[in-house]
Amino acid sequence: MIRKIPEPILNVIQALRKAGFEAFVVGGCVRDLLLEHAPKDWDITTNATPDQVLKIFPESFYENTFGTVGVKVPRFLETMPDYEYDIVEVTTYRTEGQYKDKRRPSEVNFTLSLKEDLARRDFTINAIAYGPTADEKWEVIDPYDGAKDLQKKIIRTVGEPEERFNEDALRLMRAVRLFAKLRDRTPPTVTSETKKTKLAHQWRIEENTEVAISKLSEHLKAVSPERIRDELSKIILSDSPSEGIAMLEKTGLLRFVLPELREGIGVTQNLHHIYTVWEHNLRALATCPSPKLETRLAALLHDVGKPRAKRGEGYYSTFYSHDHIGARLTEQMLTRLRFPKEIIRKSALLVDNHLFYYNVGEVTEASVRRLIKRVGLENMQDLMAVRIGDRLGSGVPKAKPYKLRHLEYMIEKVSHDPISAKMLAVNGHDLMNELRIPAGPKIGAIVEVLLAEVIENPELNTKEILLKRAQILQESDLQTLRELAREKIQEKKVAENDKIKKRHWVE
Ligand code: ATP
Ligand code: MG
């Protein structure tokens with residue numbers, strides 16, 4: 001296993017050893033090494049105090065009160081492309097002091113015992129150290145039988161589960177995050193006997209640990225939205241995101257993470273769907289082909305508005321406007337969890353537009369241009385990914401890839417047509433200079449109307465035609481112009497909407 005340890009990490013450990021200290025790699029990286037996954041970051045634990053570590057590595061950072069020094073090493077990870085160096089976290093052995101409000105400990109107590117340091121870690125599979133012992137021979141130090149749990153695929157707290165979750169409620173989320181991250185991506189479909197037994201069982205949360213999570217789930221209220229968000233993001237980006245969300249629900253945690261998503265539980269749909277809204281949202285996430293957070297979030301939340309939009313029951317129930325209701329809920333949920341503005345905007349945009357209508361031969365180039373205008377060319381790929389999840393997750397195995405491939409072709413085809421103001425043959429300056437229209441919001445409104453008309457008919461995109469048209473438009477007041485632009489983009493949308501409605505009612 002030692003051969004798998006990158007040179008810069010070995011060097012840090014050797015330097016600490018030479019100075020007379022103990023040093024081990026620990027936590028997630030050892031877990032990943034034993035699982036033969038590639039670790040994504042490396043943590044070192046040592047009995048040297050932060051001051052002593054700083055003396056050995058003078059170019060380090062020590063900016064927190066948790067006993068962790070960031071040691072600069074030559075770059076070896078792919079995760080920080082802009083820097084010449086990587087940071088390896090070197091943490092002094094510690095036990096955790098008093099906990100306040102089920103959050104972080106209010107103080108850190110250093111200890112000289114590795115075993116004590118491992119005892120304060122959350123799960124047995126995260127409480128394994130690996131490094132040189134007294135005779136410089138590298139050994140695995142595993143007092144809580146984490147390796148056994150790794151083999152059995154069990155997530156189990158170090159020590160008494162309730163006690164450990166009581167200390168730090170974030171661990172409730174971390175358990176589910178580990179579960180989602182570690183689950184095998186491929187279901188056990190292998191036929192050969194040996195492989196079958198190997199894949200026969202999946203990762204699970206140990207029973208007492210899971211019972212304690214359910215019992216204490218409400219403690220998640222005490223955890224800051226940012227910390228919940230970070231764990232949720234890791235679940236969404238894991239190989240088994242939908243199993244992760246289902247586990248959040250099973251343990252009661254989802255009530256404090258994405259309560260609105262739960263509204264779809266047990267909500268049946270109409271004749272086009274064999275799954276409830278909840279199941280369908282989860283399946284859309286599972287089958288969404290995008291690796292991006294905002295796109296996966298949109299897949300999970302794309303139908304979140306359906307329960308509130310539902311009218312009628314059974315075969316002919318309808319869900320008008322669930323796309324817009326869902327976009328608002330998406331914004332609300334992600335804002336509450338303090339997601340970055342750009343992620344919120346993008347996820348909501350994708351949810352808002354996930355119903356776009358496309359049928360080969362039936363949809364005009366102009367309507368594809370209008371779709372691009374609404375969504376943005378740069379977001380079309382992600383919108384398709386949400387749609388693919390929506391389709392594959394509907395459980396109706398319709399072969400639709402041809403339709404989407406055709407749409408991709410159409411997008412490519414029209415993407416050089418004028419679909420944004422900067423592609424118009426005139427700009428605001430032309431209007432001011434040539435038509436003497438004074439600077440102000442009216443210019444923008446006229447440009448919007450021109451764009452809407454050119455989207456409909458790209459042949460109008462000549463300077464001469466547009467200036468003539470602008471001349472006429474400037475007679476109207478601002479309000480009228482704005483309405484005109486909106487109508488022109490919306491106008492056809494109404495016709496398109498009718499088709500969408502049809503699809504979601506009776507196809
Ligand atoms: P990842 O591979 O996603 O980084 P990780 O297990 O390394 O997973 P980190 O957040 O990097 O997770 O934490 C490193 C180690 O620190 C963990 O493996 C665990 O031993 C310990 N740890 C982290 N957070 C907690 C916590 N809230 N309570 C107890 N121990 C924790
Ligand atoms: Mg880690």
Side-chain angles (χ1 to χ4, degrees), residues 6 9 24-46 64 66-68 70 77-80 86-106 108-109 111 114-130 140-144 146-147 149-150 155-183 203 209 212-213 216 219-220 222-224 226-241 244:
I9 302 293
F24 298 88
V25 284
V26 72
C29 59
V30 179
R31 179 194 72 219
D32 290 344
L33 277 179
L34 290 169
L35 285 172
E36 297 182 15
H37 297 172
K40 78 172 173 16
D41 53 14
W42 294 80
D43 295 311
I44 293 174
T45 187
T46 178
N64 57 54
F66 298 106
T68 301
L77 295 166
E78 295 302 311
T79 44
M80 294 217 288
D86 281 323
I87 301 292
V88 173
E89 298 203 329
V90 179
T91 306
T92 306
Y93 295 165
R94 61 189 197 179
T95 59
E96 280 172 337
Q98 284 298 305
Y99 281 80
K100 269 198 301 202
D101 310 334
K102 304 175 186 64
R103 297 187 206 197
R104 289 173 189 275
S106 47
V108 174
N109 300 320
T111 167
L114 172 64
K115 191 167 175 217
E116 270 180 23
D117 178 82
L118 294 176
R120 60 96 186 165
R121 293 175 184 270
D122 46 9
F123 303 104
T124 59
I125 56 172
N126 283 346
I128 311 174
Y130 177 57
V140 172
I141 318 287
D142 180 19
Y144 306 101
D149 284 343
L150 270 179
I155 295 160
R156 180 201 315 267
T157 52
V158 175
E160 224 281 303
E162 279 197 37
E163 213 174 281
R164 303 310 314 283
F165 291 126
N166 260 318
E167 289 167 353
D168 179 0
L170 184 72
R171 291 173 188 156
L172 300 162
M173 283 293 285
R174 285 181 56 88
V176 179
R177 183 255 276 195
L178 265 178
F179 168 79
K181 175 180 160 138
L182 292 176
R183 273 182 67 96
W203 275 92
T209 302
I213 298 174
L216 304 179
H219 289 184
L220 203 59
V223 178
S224 76
E226 290 83 356
R227 296 179 86 203
I228 295 178
R229 172 201 64 205
D230 289 345
E231 297 301 323
L232 175 65
S233 300
K234 287 182 182 170
I235 293 173
I236 300 277
L237 291 173
S238 74
D239 280 352
S240 296

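Each ligand, and each atom within it, is numbered from 1 in the order the structure gives.
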(request) Indicate the atoms forming the closest heavy-atom contact of Gly159 with Thr157, along with that distance. (result)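 Reported closest heavy-atom pair: O-OG1, 3.0 Å.
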(message) If you compare all heavy atoms of Val158 against all heavy atoms of Phe123, which two are closest, and at what distance to 0.1 Å?
(response) CG2-C, 3.6 Å
(message) Judged on heavy-atom distance to atom 23 (C) of ligand 1, which of Arg227, Glu231, Arg121, Arg174 sits nearest?
(response)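 Answer by nearest heavy atom: Arg174.
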Per-atom contacts of ligand 1 with [X], taking only distances under 4.0 Å to non-hydrogen atoms:
X: Gly27; value: 18 (O)
X: Arg31; value: 1 (P), 2 (O), 5 (P), 6 (O), 8 (O)
X: Asp168; value: 26 (C), 27 (N)
X: Asp41; value: 4 (O)
X: Lys40; value: 1 (P), 2 (O), 3 (O), 4 (O)
X: Arg171; value: 26 (C), 27 (N), 28 (N), 29 (C)

(request) For Glu163, enumerate each residue passing the side chain to side chain donor-acceptor pair (under 3.5 Å) test, keeping only those at least two apart in sequence or located in another chain. (result) none
If we only consider heavy atoms of [X], is any one of them less than 4.0 Å away from an atom in ligand 1?
X: Asp43; value: yes
X: Arg177; value: yes
X: Arg164; value: no

I'd like to check [X] versus [Y] (side-chain heavy atoms, cut-off strictly below 4.5 Å). Are they in contact?
X: Thr111; Y: Arg120; value: no
X: Thr91; Y: Val26; value: no
X: Met173; Y: Leu232; value: yes

What's the spacing between [X] [atom1] and [Y] [atom2] if we round to 0.5 Å?
X: Tyr130; Y: Asp142; atom1: OH; atom2: CG; value: 13.5 Å
X: Leu182; Y: Ile125; atom1: CG; atom2: CD1; value: 5.0 Å
X: Leu216; Y: Arg164; atom1: CG; atom2: CZ; value: 13.0 Å

(request) Could you grab the protein N, O or S atoms closer than 2.8 Å to the Mg ion (ligand 2) for me? (result)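 Within the sphere that stays under 2.8 Å of the Mg ion (ligand 2), the protein atoms of type N, O or S are Asp41 OD1.
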(request) For salt bridge (charged side-chain N to carboxylate O under 4.0 Å, His left out), just list the numbers for Arg156 and Asp149, CA-CA rounded to whole Å, side-chain angles, deciding distance to a tenth of an Å, and then say yes or no. (result) CA-CA 8 Å; Arg156 180 201 315 267; Asp149 284 343; 2.9 Å; yes
(message) Geometry only, no angles: is Gly28 polar-contacting ligand 1 at N/O separations under 3.5 Å?
(response) yes
(request) Look at the side chain of Asp117 and the backbone N and O of Arg94, then say whether any donor-acceptor pair between them is shorter than 3.5 Å. (result) yes
